[in-house]
Amino acid sequence: MSLESLYGPEPPEPEQMPKCPVCGDECETVYKNCDGEVIACDGCITSQDAREWQAEEKEAKEADRGDRLYHDWRDRQCS
């Protein structure tokens with residue numbers, strides 16, 4: 001026996017949005033790695049131009065080297 005209103009059958013309940021297993025937010029797209037594991041959703045992943053990323057990595061390595069040289073110099077001065 002189904003319950004019907006005066007205007008016909010009740011509309012079905014809307015399905016809940018899927019949730020990202022990484023961040024827990026509702027999402028429409030999930031991204032998987034080559035092993036088929038979900039690694040992110042459209043809300044918790046960003047993209048970057050590969051050349052920009054490479055330049056940032058190079059800059060960070062150069063900054064680390066400069067910091068290391070300074071700390072070595074400072075340690076020699078203080079000893």
Legend entry - Set of residues satisfying side chain to side chain donor-acceptor pair (under 3.5 Å) with respect to Arg74, sequence neighbours excluded: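 Testing Arg74 for side chain to side chain donor-acceptor pair (under 3.5 Å), a comparison that skips the adjacent residues, returns His71.
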To the closest 0.5 Å, what do you measure between [atom1] ([X]) and [atom2] ([Y])?
X     : Y     : atom1 : atom2 : answer
Glu56 : Lys58 : CD    : NZ    : 13.5 Å
Tyr31 : Ile39 : OH    : CD1   : 10.0 Å
Asp72 : Gln77 : CG    : CD    : 11.5 Å

So which heavy atom on [X] is nearest to which on [Y], and how close?
X     : Y     : result
Lys19 : Gly24 : CD-O, 3.8 Å
Val38 : Val30 : CG1-CB, 3.9 Å
Cys20 : Ala40 : SG-C, 4.2 Å

Inset, instruction - Please check if atom CD in Glu28 has more than 12 non-hydrogen atoms from other residues, nucleotides or ligands closer than 6.0 Å. - result: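 No.
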Legend entry - Glu57 atom CD: more than 12 heavy-atom contacts under 6.0 Å: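 Enclosed: over 12 neighbouring heavy atoms sit under 6.0 Å from CD of Glu57.
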Inset, instruction - Could you verify whether a donor N or O on one side chain and an acceptor N or O on the other, from Gln16 and Glu26, lie under 3.5 Å apart? - result: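 Their side chains do not contain a donor-acceptor pair, so the 3.5 Å distance test is not met.
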Inset, instruction - Using atom types as modelled and distance alone, determine if a side-chain donor or acceptor of Asn33 lies under 3.5 Å from a backbone N or O of Asp35. - result: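 Judged by distance alone, yes, a pair lies under 3.5 Å.
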